[in-house]
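First comes the structure, then the notes that go with it.
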Number of protein chains: 2
Amino acid sequence: MELSERKKRILRAIIESYIATAEPVGSKSVAEFLDRKLSSATIRNEMADLEALGLLEKPHTSAGRIPSPKGYRFYVNELMEAHKLSVQETERINQALRLKMEELDRVIDQAGRVVSQLTNYPAFALSSGMERVTIRRFDLLMVERNAFIIVVMTDSNVVRNKLVQLPSDLTEAQLQMLNTLLNATFTGLTLDQITPELMRVAQHAAGDAYGLISLVVSFAMEVLESLEQRRVHTAGLAHLLELPEYQNLERAQPLMTYLSDVQDENRFPVPQGGPMRILIGPENVADALKETSVVMASYDIGEGMRGVIGVVGPTRMDYAKITARLAYFAEGLTRLFNRGELPGGKTDSDDRKTGGNAL
Amino acid sequence: MELSERKKRILRAIIESYIATAEPVGSKSVAEFLDRKLSSATIRNEMADLEALGLLEKPHTSAGRIPSPKGYRFYVNELMEAHKLSVQETERINQALRLKMEELDRVIDQAGRVVSQLTNYPAFALSSGMERVTIRRFDLLMVERNAFIIVVMTDSNVVRNKLVQLPSDLTEAQLQMLNTLLNATFTGLTLDQITPELMRVAQHAAGDAYGLISLVVSFAMEVLESLEQRRVHTAGLAHLLELPEYQNLERAQPLMTYLSDVQDENRFPVPQGGPMRILIGPENVADALKETSVVMASYDIGEGMRGVIGVVGPTRMDYAKITARLAYFAEGLTRLFNRGELPGGKTDSDDRKTGGNAL
DNA sequence: TCTTAGCACTCATTCGCCCTGAGTGCTAAT
DNA sequence: ATTAGCACTCAGGGCGAATGAGTGCTAAGA
């Protein structure tokens with residue numbers, strides 16, 4: 001799509017005005033905005049052209065124009081200028097990043113909340129990319145005669161544990177043997193590879209300890225499964241109600257319901273591709289999002305794991321500002337996870353470097 | 001407060017009708033409801049009395065009556081009949097309880113979500129009663145020369161771990177020594193007791209390993225702190241918008257905002273007293289809740305820990321049904337945590353008893 | 001003395017109506 | 001190609017009448 005310079009200026013004026021006010025914008029105010037170099041009639045003609053191109057829409061005959069999803073897409077791809085973060089903004093984000101980021105789950109949850117506060121839109125956060133988790137080692141720690149702790153560590157340095165209570169007693173030596181066996185059998189395997197068949201092999205090898213080892217293996221499987229299972233955290237839903245487009249309850253409710261329920265589903269707009277991704281209106285797959293835009297950024301957790309944070313809002317969204325903030329925040333998270341340092345100000349994990357996260 | 005039998009019947013009819021419809025109820029419909037044994041005029045007189053007693057209110061002159069908070073309180077205390085759960089209801093709750101309940105944090109979160117689905121109200125969940133956590137044992141597991149896993153177990157069988165990376169290398173023997181030292185020094189202490197002073201003593205004893213041990217101790221403190229720190233999980237906020245009283249955005253928004261933000265605060269209606277607690281309207285401390293009711297139930301996680309789940313809704317709430325469901329669910333959770341068994345249907349943890357929860 | 005029928009009164013809500021004003025498309029003049 | 005002018009459209013706000021649910025009070029009946 002090639003537009004004249006003038007058309008681009010007009011389109012941009014309309015979109016930015018609409019983003020700011022949520023009101024359809026008329027020819028007169030565009031003329032005003034462009035320093036009255038053109039009359040409103042001329043603008044009207046140009047606007048009619050832009051409408052014919054599918055970049056603008058009319059809510060009704062005698063209202064101004066509003067951008068169509070296609071218009072936003074064009075704006076995002078070609079017209080938008082990167083928003084420069086102010087000192088206050090970067091400082092605020094850095095501040096937020098200095099939170100205690102301890103357990104992975106909490107970080108994700110926390111990050112979502114922070115992003116929501118940063119943008120005044122509902123935000124979501126999820127982790128992904130853990131598909132290829134392999135087991136690095138097991139440790140079994142005796143607690144009582146009939147209870148031990150199982151600690152599983154993956155190659156991405158994620159550690160999980162669980163207390164296991166047994167119906168029968170166990171000696172330290174037995175536990176030791178079991179531990180060795182587990183490490184010998186399962187180290188280096190991914191979840192896919194630990195098929196039921198393999199389980200059977202292991203059980204066979206164990207002889208008497210059949211029940212015991214199957215118990216332990218099923219625990220380990222559970223741990224790995226829980227790592228692979230994505231959880232969508234949402235935060236700041238209430239921000240939705242501040243927006244003029246959601247003053248209308250019929251509009252707000254379905255979206256609200258969708259956003260509070262996706263937590264359970266794994267179906268959420270998956271971010272394939274670059275570190276920054278924008279889905280405008282109908283570009284979203286979920287029905288509830290057809291009239292909203294989703295902006296998301298991914299960040300690096302380290303050791304091959306990635307996280308995604310993003311916001312959901314009306315198609316009229318300040319893409320420039322949001323992308324800037326999100327990108328900066330995601331970048332900060334990446335830095336935090338990988339080197340534990342932040343620009344200016346001492347972080348919580350400066351001295352105590354924590355490579356992976358245990359949860 | 002002593003009321004005639006007739007007044008009680010009338011009050012109850014009004015409250016239950018209002019709970020069901022959210023519409024002010026007039027004398028005529030009450031007469032209808034009471035099988036026309038009395039004329040509407042008589043009912044009117046009685047209603048005037050009830051209003052004088054502060055149990056009813058008039059939204060305006062020519063509307064019917066609605067219950068006042070005091071009216072609800074009277075209803076809850078004296079008039080309400082326990083709601084019998086239907087087979088479907090109990091089955092649904094049992095179903096929900098059969099979820100994988102692995103890590104404590106997730107259980108709490110999960111429980112909130114389930115309760116919300118069960119009641120169609122926004123729900124919250126929090127854990128409490130972990131104030132007296134004491135350390136039971138430490139384990140340090142070598143991973144690499146400059147990294148180890150620290151596993152802390154408390155006397156309530158909660159296990160947490162973290163991967164610690166060091167600036168310098170460490171031998172297995174050193175780690176062993178450190179481990180012994182930690183156990184000798186800190187076992188059996190609560191968070192309060194591990195004062196900075198004690199830390200200093202430990203560091204002194206350690207001699208060279210000063211930095212190392214302080215690192216480990218500060219981590220242990222973190223773990224204990226995170227156990228003590230309450231997190232409020234909320235779920236099902238969107239249900240609010242389904243209710244007629246929150247069709248009005250001015251009403252919905254502040255409550256919505258409050259509920260999405262309490263997650264950060266520790267200030268939330270704390271449930272002192274019995275297993276079931278109801279706070280009606282102005283009985284709530286938080287301003288945002290002055291026109292809502294909160295119903296909560298506590299359950300036993302075992303080992304001295306308790307959790308609380310509850311719902312938030314308009315003062316017009318089906319207290320009978322909600323309390324029944326909440327009580328049943330809480331009871332189920334208690335059973336699940338303590339014996340891992342559920343009525344009817346095989347649970348996930350039937351055969352593999354899990355005394356505590358590791359996270 | 002309690003109950004009830006009847007009646008006048010109140011008041012939130014709904015509906016229809018008109019008016020206003022922003023904005024458009026088209027045409028004719030520059 | 002641009003612009004001024006004009007007729008036309010239409011959402012939204014304001015206003016007043018009609019509606020009807022519900023009340024309080026009074027007076028008669030049990």
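Naming: A, B, ... by sequence-line order, numbering from 1 per chain.
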Query raised in the report: Among Ile280(A), Val311(A), Asn284(A), which one satisfies side chain to side chain contact (heavy atoms under 4.5 Å, CB included) with Val294(A)?
Result: Asn284(A)
Query raised in the report: Can a side chain N or O of Ser62(A) be found less than 4.0 Å away from OP1 or OP2 on dT9(D)?
Result: no
**Report entry** Residue Arg65(B), side-chain atoms from C-beta onward, closest of dT2(D), dG24(D), dC11(C)
**Finding:** dG24(D)
Report summary line: Comparing nearest nucleotides in DNA chain C, the 5'-proximal residue of the pair Ala41(A), Pro24(A) is Pro24(A)
Query raised in the report: Stepwise, does the salt bridge (charged side-chain N to carboxylate O under 4.0 Å, His left out) test hold for Glu89(B) with Lys321(B)?
Result: CA-CA 10 Å; Glu89(B) 285 174 318; Lys321(B) 201 189 272 178; 5.3 Å; no
Query raised in the report: Between dA12(C) atom P and Ile66(B) atom CD1, what is the distance in whole Å?
Result: 14 Å
Query raised in the report: Counting N and O atoms only, with roles assigned by atom type, does the side chain of Thr292(B) sit under 3.5 Å from a partner on the main chain of Pro314(B), one being a donor and the other an acceptor?
Result: no
Report task. Output yes when at least one side-chain N/O atom of Ser40(B) is less than 4.0 Å from OP1 or OP2 of dG22(D), else no. Result -> no
Query raised in the report: Leu34(B) has an atom CG; how far is it from atom C1' of dT3(C), in whole Å?
Result: 15 Å
**Report entry** Candidate nucleotides dT3(C), dC10(D), dT24(C), ranked by approach to the side chain of Arg6(B) - the nearest
**Finding:** dT3(C)
Query raised in the report: Quick one: does Arg325(A)'s side chain have a donor or acceptor within less than 3.5 Å of a partner on Leu118(A)'s backbone?
Result: yes
Query raised in the report: Between Arg44(B) (CZ) and dT4(C) (C1'), how many Å, whole number?
Result: 10 Å
Query raised in the report: Can you tell me how far C1' of dG23(C) sits from CE of Met47(A), to the nearest Å?
Result: 9 Å
Report summary line: Arg36(B) atom CZ is separated from dA5(C) atom C1', nearest whole Å, by 12 Å
Report task. Using atom CD of Glu23(A) as one end and atom P of dA11(D) as the other, report the distance to the nearest whole Å. Result -> 15 Å
Query raised in the report: Taking the side chain of His60(A) as its heavy atoms from C-beta onward, which of dT23(D), dC10(D), dT4(C) lies nearest to it?
Result: dC10(D)
Query raised in the report: Is Ala63(A) touching bases, backbone alone, or none of the nucleic acid, heavy atoms closer than 4.0 Å?
Result: sugar-phosphate
**Report entry** Euclidean distance, atom CD of residue Glu46(A) to atom C1' of dA1(D) [Å, nearest integer]
**Finding:** 10 Å
Query raised in the report: Given dA5(C), dG24(D), dT10(C), which nucleotide is nearest the side-chain atoms of Glu51(B)?
Result: dG24(D)
Requested in this report: Could you please name the option among dT9(D), dT3(D), dT3(C) that lies closest to any side-chain atom of Thr42(B)?
Outcome: dT3(C)
Report summary line: Heavy atoms of Leu326(A) and Met276(A) approach each other most closely as CB-CE, 3.7 Å
Report summary line: Per atom distances to the Leu38(B) side chain, the nearest of dT4(C), dT10(C), dT23(D) is dT4(C)
Query raised in the report: Which of these nucleotides, dT10(C), dT23(D), dT4(C), is closest to any side-chain atom of Lys58(B)?
Result: dT23(D)
Report summary line: From CD1 of Ile43(B) across to P of dG24(D) the rounded distance in Å is 13 Å
Query raised in the report: Would one find a side-chain N or O of Thr61(B) under 4.0 angstrom from OP1 or OP2 of dA12(C)?
Result: no
